[in-house]
Structure formats: structure tokens, C-alpha cells
Amino acid sequence: MKLALASPRAAQFILLVLLLVHRERAAAVTLSTSSRWIVDEAGHRVKLACVNWPSHLEPVVTEGLGRQPVGNIATTITALGFNCVRLTYPITLATNASLSSITVRQSLLAHGLAETIGGVEVNNPGFLDLTLIESFKAVVNSLGENNVMVILDNHVSKPAWCCGNDDGNGFFGDRDFDPDVWVDGLGNMATIFAGVPNVVGMSLRNELRGPRQNSQDWYTYMQRGAEAVHAANPRALVIMGGLSYDYDLSFLDAMEVSVSFAAENKLVFELHWYSFSDARAWELENANEVCGRAALDFARRGGFLLSRGFPLFLSEFGADFRGGDLKDNRYYPCAAAVAAELDLDWAFWALQGSYALRQGVAGMDEVYGVLDWSWSKPRNETVLPRIQALQRPLQGPGYAEALPYTVLFHPLTGLCAVRCAATATTLELGPCNETDAWAYAPPASKLVLRDAAAAGLPCLRAEGRGQPARLSAEACGDALSTWRLASDSAMHVAVDAAPGLRGGGMLCLDVGADGRSIVTNPCACLRGDGGCDPERQWFKLITSTRRVAHKPATLA
Ligand SMILES: *[C@@H]1O[C@H](CO)[C@@H](O)[C@H](O)[C@H]1NC(C)=O
Ligand SMILES: *[C@@H]1O[C@H](CO)[C@@H](O)[C@H](O)[C@H]1NC(C)=O
Ligand SMILES: *[C@@H]1O[C@H](CO)[C@@H](O)[C@H](O)[C@H]1NC(C)=O
């Protein structure tokens with residue numbers, strides 16, 4: 001920054017502003033809940049748009065320190081639009097002083113990771129002789145300097161890749177999972193980080209599972225863990241995950257959690273969802289049917305908590321970034337549509353492009369990683385917008401600036417239907433923050449783009465197979481402009497076309513061959529066919545009350 005200073009007084013003023021800005025950035029973020037929303041002290045919604053970053057594998061050294069300077073990783077996280085990190089750790093880091101006091105160098109050496117030591121020496125030389133707990137703190141601080149919030153996630157007890165049914169870390173009472181040690185560990189961790197401003201929450205335990213799991217012990221121990229965290233750090237959100245690999249919070253339907261600090265509004269629940277959570281359904285069955293079922297199941301598994309007045313944090317979801325995995329390709333747009341519709345807080349799995357050591361393999365690649373193997377750049381620029389589309393809040397306290405309106409979200413690309421600047425009567429995929437407000441009344445109605453309606457083009461109309469869907473004033477409300485949400489996924493936006501019209505039968509919104517324009521085509525595999533991919537035709541109608549960032553298209 002270059003400043004031309006007019007006077008010493010101006011210089012003083014600028015210095016003061018800089019100090020204030022700096023102070024504001026370093027200020028503690030204290031979050032709490034307001035019904036289903038996470039809010040700041042002013043009551044304004046803070047949407048968690050996090051990425052997972054592990055420190056729980058055998059060396060207990062935060063991944064990536066051998067690949068890039070920690071400050072660069074932190075700035076990359078913010079540059080990609082994430083505002084928070086779910087940072088994992090093993091409970092022994094907080095309970096076993098002989099482990100937490102060895103140095104990064106010693107731990108890497110003990111795991112035969114000389115190459116990683118060399119990498120840390122180059123990228124983060126100051127870390128090599130820090131103890132494991134100091135190194136972990138330094139990562140949290142670096143994130144804080146970059147204004148990134150942190151949720152500390154107890155991922156395992158004994159450091160290792162997670163998770164297996166029989167790995168001794170699955171449930172209270174398992175070989176390496178002594179509940180008393182765990183409660184102590186949570187309390188210690190909460191104490192250590194109580195004064196660290198950017199630590200906003202603590203996830204009590206990742207993916208409870210295995211033959212011992214039962215909801216009775218879940219209440220007993222999760223409530224104890226929650227009390228320990230809250231007693232040590234009353235500022236922090238206390239985040240509870242479910243059973244069956246954090247796939248199931250349905251038991252809360254019958255009985256609520258009981259904690260002494262309920263009135264402080266700190267309780268949040270977390271849930272995970274991957275393609276493999278739904279067994280092989282995504283590969284074998286019709287994607288619309290699986291998506292419809294999975295969305296209902298999500299509500300049953302934990303989505304219902306939103307209407308009970310608790311935030312639900314989708315703290316792990318993700319997909320193979322190479323694009324070659326059939327089940328991930330079908331699952332991801334479905335999951336993104338659910339996350340967008342419910343405007344969930346979330347944490348993407350994962351940041352890391354590679355691991356120092358995972359499951360015995362040094363330098364293992366992470367195909368779910370936002371970053372590439374070297375941690376130097378995004379793994380796949382094409383798919384980044386699919387995640388970034390979920391970062392903006394759409395509703396909630398502080399975002400109730402407009403009457404509810406509908407957004408046409410295309411989860412496969414992370415883009416939204418916007419008015420084409422060149423024609424003003426057709427649509428294309430564009431940034432979701434530049435979409436104007438649509439009006440739609442399910443189960444079947446006109447689709448009205450407010451801005452276009454004002455310009456005399458009241459409704460969206462199908463004009464035939466492969467033809468652009470067009471904003472028009474013609475016969476609004478007839479068959480060709482009455483849209484309904486077809487298929488179990490409710491993401492096929494369809495009209496019943498007259499038999500005489502080219503491509504008659506049902507026509508669905510689709511993306512044209514140019515990959516950008518919005519056209520109509522015969523609806524793809526509405527049901528039955530498991531060998532067909534409908535995702536290109538998926539448009540999710542979601543509700544927003546956020547003021548439209550207006551970029552009006554002008555009539556040609
Ligand atoms: C504590 O950590 C040390 C060093 O890693 C290890 O040898 C020891 O077994 C651990 N103790 C417990 C109780 O886990
Ligand atoms: C990026 O993702 C797209 C879409 O899934 C895929 O077609 C492409 O091959 C991927 N590129 C790389 C480098 O993985
Ligand atoms: C929408 O977002 C894009 C990139 O995220 C940004 O460049 C653009 O200025 C935004 N538009 C508006 C109207 O805010």
C-alpha cells in the first residue's frame with residue numbers, strides 16, 4: 001500500500017484506522033446459536049464454510065507443513081473463500097505429556113519421514129523443534145492471523161487414519177477409548193485454547209461407531225464431554241456428532257440432549273454424508289430415486305434438528321476431484337442441493353492434497369483434496385465453484401433483507417440461472433450472487449424473473465427440444481410456461497409440451513451444448529434407469545431472503 005500523506009494529522013488518522021482494523025481482525029469471535037442459526041455477538045448470522053485439515057495421523061503433525069509455509073496455506077484457504085477450518089487432533093495430544101512434548105522433528109523421525117523433515121525445514125523451519133502441542137497451536141495461530149475461524153475436532157484417541165469398526169477408537173469403552181481419559185482430554189484442549197480468539201468451537205468426537213455403539217452411552221458421555229468443554233471454555237460452540245460414523249442423529253428425535261448450559265445457546269450438531277454412506281445405491285440405481293430418498297433420509301438422520309432450533313453442521317462431505325467416480329458424480333450435486341436448500345453450515349472434506357503418512361504409505365495422494373499433491377494449487381479448478389457456491393449465506397439473521405425469493409441453482413456446476421446479458425430474453429449459467437429473484441409456487445406454476453417481468457417479459461417458456469428457454473409475454477400460464485418439479489429428486493424443472501411441439505412430451509431445463517446456455521430437452525431418466533446420468537438437468541429451486549446483488553441485464 002502506498003500512501004500520499006497530506007499532513008501529520010492525516011498520518012495519525014490513517015495509523016489509527018490501521019490499528020482499529022488490525023484490532024478488529026484479531027478480536028475474539030464468539031459464536032452462539034439463535035434457533036437453527038450460528039450467530040456472532042451482534043446476532044448476525046455467521047455461516048460456517050469450513051474445510052477439514054487433519055493433525056490426527058500417526059506423526060500428530062498437521063498435514064502439509066512439509067509442503068508449503070503454513071501462512072501460505074492459511075491465505076490459500078481464505079483466497080478459496082473458506083472462513084473456517086475443522087482442525088483434527090487425537091485425544092492423546094491433550095492427555096499424554098510424553099507424546100505432546102516430543103518435537104515435530106522427533107515424531108517425524110520416529111515414523112521414518114526424513115523427506116517430510118526436509119520439507120518442514122524448507123517451508124516451516126520454525127516448526128521443526130516445536131513440540132507437537134506447540135506446533136498445533138502455531139497452526140491455529142497462523143489461521144487466526146489470517147482471520148480463519150477454527151473448530152477443534154477430536155478425531156480419534158490413538159493417532160491413526162480414521163475409521164474402522166474394530167480399530168479400538170470407535171466407541172466409549174473400546175480398547176483405546178477410555179471415556180474418562182477422553183473427558184479429561186476435551187477439558188484440557190478447551191483450557192489450552194480458551195484464550196485463543198479464533199477457536200470458535202469444539203467437535204467432541206468424530207464418527208462414533210462399532211459394535212459397542214448405543215444411544216444410552218451416547219447421552220451419558222457426550223453430555224459429560226460437553227460439560228467439560230463448556231466449563232473450560234464457555235465461549236466455544238459445543239458440537240456433537242452422531243452414531244454410525246456420524247451418519248445418524250435420529251435418536252435425538254425421541255430425547256433431547258440435557259446440558260447445564262442449555263440457556264447459553266452453544267449446542268450444535270454435526271452429521272457426515274458421503275456417496276459410500278448410501279452403500280452402492282448411487283452406482284446401481286436411478287440417480288433421481290436415490291437422491292430423493294437420500295434427501296428424505298437426511299431429514300430423518302438429523303435434518304429435523306433444524307426445525308427443533310439447533311444448527312446442523314454438515315462437517316464432512318466431499319467427492320473424488322478427478323471426476324471419474326460414477327457414484328461421487330451423482331451423489332455430489334445431490335448433496336450440494338440439499339446443503340444449499342437447507343443453507344447448512346458445513347466443512348468440506350478435505351483441504352489436504354497429500355499426507356506425510358497415511359495407512360503406512362508415505363506421501364499418499366488425497367483425491368478428495370481441494371489442493372493438489374504439492375499443496376501449491378487447487379487440484380481441479382473446474383470443480384471448485386461447486387464448493388464455493390455453498391459459501392454464501394442465503395438466509396438467517398442479518399440476511400433477511402428481502403422478501404423470500406427463489407434461486408435456480410445448478411449444483412453440478414455451482415452456478416445459477418441468470419439472464420443472458422446479450423439477448424436479455426434467454427438464460428445462462430452465471431454466478432449465483434448475480435441472479436435476480438425468481439418467483440415460483442410449487443408444485444406447479446409460472447417461473448417469473450422479477451427483473452424481467454418489470455421489463456415486460458413476465459414468464460419463462462419452453463420452445464422445444466434443444467431450444468433456449470425464453471422469457472416471454474406470450475400466453476403466460478399455458479402448458480409451455482407451467483413448470484413443475486418432476487422426478488423423485490424434485491430437481492427436474494419440467495413442462496408438458498404439446499404433442500405437436502418438437503420434442504413433445506415432457507421437456508426439462510437443461511444446459512446447452514455450449515455448457516452455458518439454458519435450454520429445454522426431453523427429461524433424462526426421471527425414474528428406473530440406473531445407467532443414465534440426469535445431473536446436467538438438475539436445477540434446485542432454493543429460497544433466499546438475502547438482498548440481490550443486482551447486476552441488471554439491459555434489453556437489447
Ligand atoms: C504416551 O505417549 C508415548 C509416546 O508416544 C507412548 O509411548 C505411550 O504409550 C503413551 N501412553 C499412553 C497411555 O497412551
Ligand atoms: C476436473 O473435474 C472435471 C469434472 O469432474 C473432470 O472432467 C476433469 O477430468 C478433472 N480434472 C482433473 C485434472 O482431475
Ligand atoms: C459475484 O461474485 C464474483 C466472484 O465471486 C465477483 O467477482 C462479482 O463481483 C460478484 N458480483 C456481485 C454483483 O456482487
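When a ligand or atom number is given, it counts from 1 through the structure's own listing order. This one's a predicted model, so the numbers in the text were calculated from it and none came from an experiment. Hydrogens, waters and symmetry mates play no part in the numbers below; they use all other heavy atoms, side chains included.
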inquiry  = Testing the 3.5 Å rule here: is there a donor-acceptor pair between the side chains of S275 and D328?
reply    =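 A donor-acceptor contact under 3.5 Å links the two side chains.
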Which residue and heavy atom of the protein sit nearest [atom], plus the separation:
| atom | answer |
| --- | --- |
| atom 5 (O) of ligand 1 | L99 CD1, 3.5 Å |
| atom 4 (C) of ligand 2 | R386 NH2, 3.7 Å |
| atom 9 (O) of ligand 1 | N96 ND2, 4.8 Å |

In ligand 2, which numbered atoms sit nearer than 4.0 Å to a non-hydrogen atom of [X]?
| X | result |
| --- | --- |
| V383 | 2 (O), 4 (C), 5 (O) |
| G323 | 5 (O) |
| R322 | 6 (C), 8 (C), 9 (O), 10 (C), 14 (O) |

Query - ligand 2-proximal atoms of E381, by part, heavy-atom distance under 4.0 Å - result: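 Looking at E381 and ligand 2, no heavy atom falls under 4.0 Å.
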Between N380 and ligand 2, does any nitrogen or oxygen pair lie at a separation below 3.5 Å?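 The answer is yes, given that N380 and ligand 2 share an N or O pair closer than 3.5 Å.
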Quiz prompt | Heavy-atom closest pair, residues L93 and Y89 | solution =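 Nearest heavy atoms, L93 then Y89: CD2-CB, 4.1 Å.
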| message | Can you name the atoms of ligand 3, numbered from 1 with element, that are less than 4.0 Å from a heavy atom of N433? | response |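 Heavy-atom distances to N433 below 4.0 Å select 1 (C), 2 (O), 3 (C), 8 (C), 10 (C), 11 (N), 12 (C), 14 (O).
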Original post:
Which word best sums up how the rings of Y274 and H272 line up, parallel for under 30°, tilted for 30 to 60°, or perpendicular for over 60°?
Top reply: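 Y274 vs H272 ring planes: perpendicular.
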Can you find a protein heavy atom under 4.0 Å from atom 11 (N) of ligand 1?
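So atom 11 (N) of ligand 1 has protein heavy-atom neighbours under 4.0 Å.
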Using protein heavy atoms only, decide if any is under 4.0 Å from atom 7 (O) of ligand 2.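 So atom 7 (O) of ligand 2 lacks protein heavy-atom neighbours under 4.0 Å.
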Please confirm whether R205 makes a cation-pi placement over F177, using NZ or CZ under 6.0 Å from the six-membered ring centre and within 45° of the ring normal.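 Cation-pi check for R205 and F177: passes.
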*Evaluate the criterion side chain to side chain contact (heavy atoms under 4.5 Å, CB included) for residue pair N147 and T78; output intermediate values, then yes/no.*
CA-CA 8 Å; N147 220 16; T78 52; 5.5 Å; no
Presence of salt bridge, E401 and R546, under 4.0 angstrom =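 Answer for the salt bridge query: no.
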Should the pair K47-D345 be classified as a salt bridge under the 4.0 Å nitrogen-to-oxygen rule?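 Looking at K47 and D345, the cut-off is not met.
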| said: One pair to check against side chain to side chain donor-acceptor pair (under 3.5 Å): N72 and T75. What are the steps and the verdict? | reply: CA-CA 5 Å; N72 290 7; T75 52; 4.8 Å; no
